[in-house]
Amino acid sequence: LGLPNATRSLTPEQAGETATFAARGLTLDLGLARDGASVAALAGRLAPLFDPAVRRAQAAAAAVTFAAESLERLAARIAAV
């Protein structure tokens with residue numbers, strides 16, 4: 001957890017999932033691969049990953065999100081017993 005990342009989606013379905021993760025601060029959305037973005041455009045979209053504040057925020061979002069989801073899964077399993 002906590003590694004800065006970006007996602008380039010291959011399908012519209014993946015793009016939807018990526019949008020959900022990006023909205024939660026878990027990834028940087030680089031769009032659909034078939035959108036024809038140039039290398040320069042992609043480099044521009046990646047620029048935020050070089051900002052330490054963005055990287056810290058993404059790491060913090062991952063730590064909170066995945067810790068909370070793990071606790072929710074544990075609670076559901078206990079409740080199912």
Side-chain angles (χ1 to χ4, degrees):
L1 286 177
L3 295 176
N5 69 85
T7 305
R8 184 87 163 136
S9 301
L10 299 176
T11 67
E13 294 79 14
Q14 287 176 346
E17 292 173 358
T18 298
T20 299
F21 276 79
R24 294 176 77 178
L26 300 170
T27 194
L28 183 65
D29 189 353
L30 299 179
L32 271 169
R34 65 183 182 200
D35 73 2
S38 67
V39 172
L42 287 174
R45 292 179 193 171
L46 283 169
L49 287 183
F50 294 96
D51 179 344
V54 170
R55 293 170 64 154
R56 282 191 299 273
Q58 201 177 71
V64 170
T65 299
F66 294 114
E69 288 179 359
S70 294
L71 289 174
E72 289 170 9
R73 281 194 303 271
L74 175 62
R77 285 186 179 175
I78 290 170
V81 172

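As a basis for the values below, the full set of heavy atoms in this structure was taken, side chains included, without hydrogen atoms, waters or symmetry mates. On a predicted model such as this, the values are computed, not experimentally measured, just so you know.
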Student: Identify the two heavy atoms, one from Gln58 and one from Gly25, that lie closest to each other, and give their separation to 0.1 Å.
Tutor: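 Reported closest heavy-atom pair: CG-O, 3.3 Å.
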
Student: I need the full list of salt bridge (charged side-chain N to carboxylate O under 4.0 Å, His left out) pairs touching residues 4-21, with sequence neighbours left out, sorted by first then second residue.
Tutor: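 The answer is Arg8-Asp35.
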
Student: Check Leu32 against Leu10 and note the closest heavy-atom contact, atom names and distance.
Tutor: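 Distance-wise, the nearest heavy atoms are CD2-C, 4.0 Å.
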
Student: Quick check: closest heavy atoms across Pro12 and Arg34, and the distance to 0.1 Å?
Tutor: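 Looking at all heavy atoms of both residues, the closest pair is CG-NH2, 3.1 Å.
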
Student: Determine whether Thr18 and Ser9 satisfy the following criterion, side chain to side chain donor-acceptor pair (under 3.5 Å), listing intermediate values before the conclusion.
Tutor: CA-CA 7 Å; Thr18 298; Ser9 301; 3.0 Å; yes

Student: I'd like to know if Leu28 and Leu42 are part of one continuous hydrophobic network [Ile/Leu/Val/Met/Phe/Trp/Tyr, side-chain heavy atoms within less than 4.5 Å].
Tutor: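 Yes, because Leu42 and Leu28 connect within a single hydrophobic cluster, where side-chain heavy atoms sit under 4.5 Å apart.
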
Student: Does any N or O in the side chain of Asn5 come within less than 3.5 Å of the main-chain N or O of Leu26, such that one atom is a donor and the other an acceptor?
Tutor: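 Checked: pair present.
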
Student: Could you tell me which non-hydrogen atom of Pro48 sits nearest to which non-hydrogen atom of Gly44, and how far apart they are?
Tutor: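 Closest pair (atom of Pro48, atom of Gly44, distance): CD-O, 3.9 Å.
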
Student: What side-chain donor-acceptor pairs closer than 3.5 Å can you find for residues 72-81, not counting sequence neighbours?
Tutor:
unit_1: Arg73; atom_1: NH2; unit_2: Ser70; atom_2: OG; d: 3.4

Student: Please give me the minimum heavy-atom distance between Pro4 and Arg55, naming the atom from each residue.
Tutor: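 Smallest interatomic distance, heavy atoms only, reads CG-NE, 3.5 Å.
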
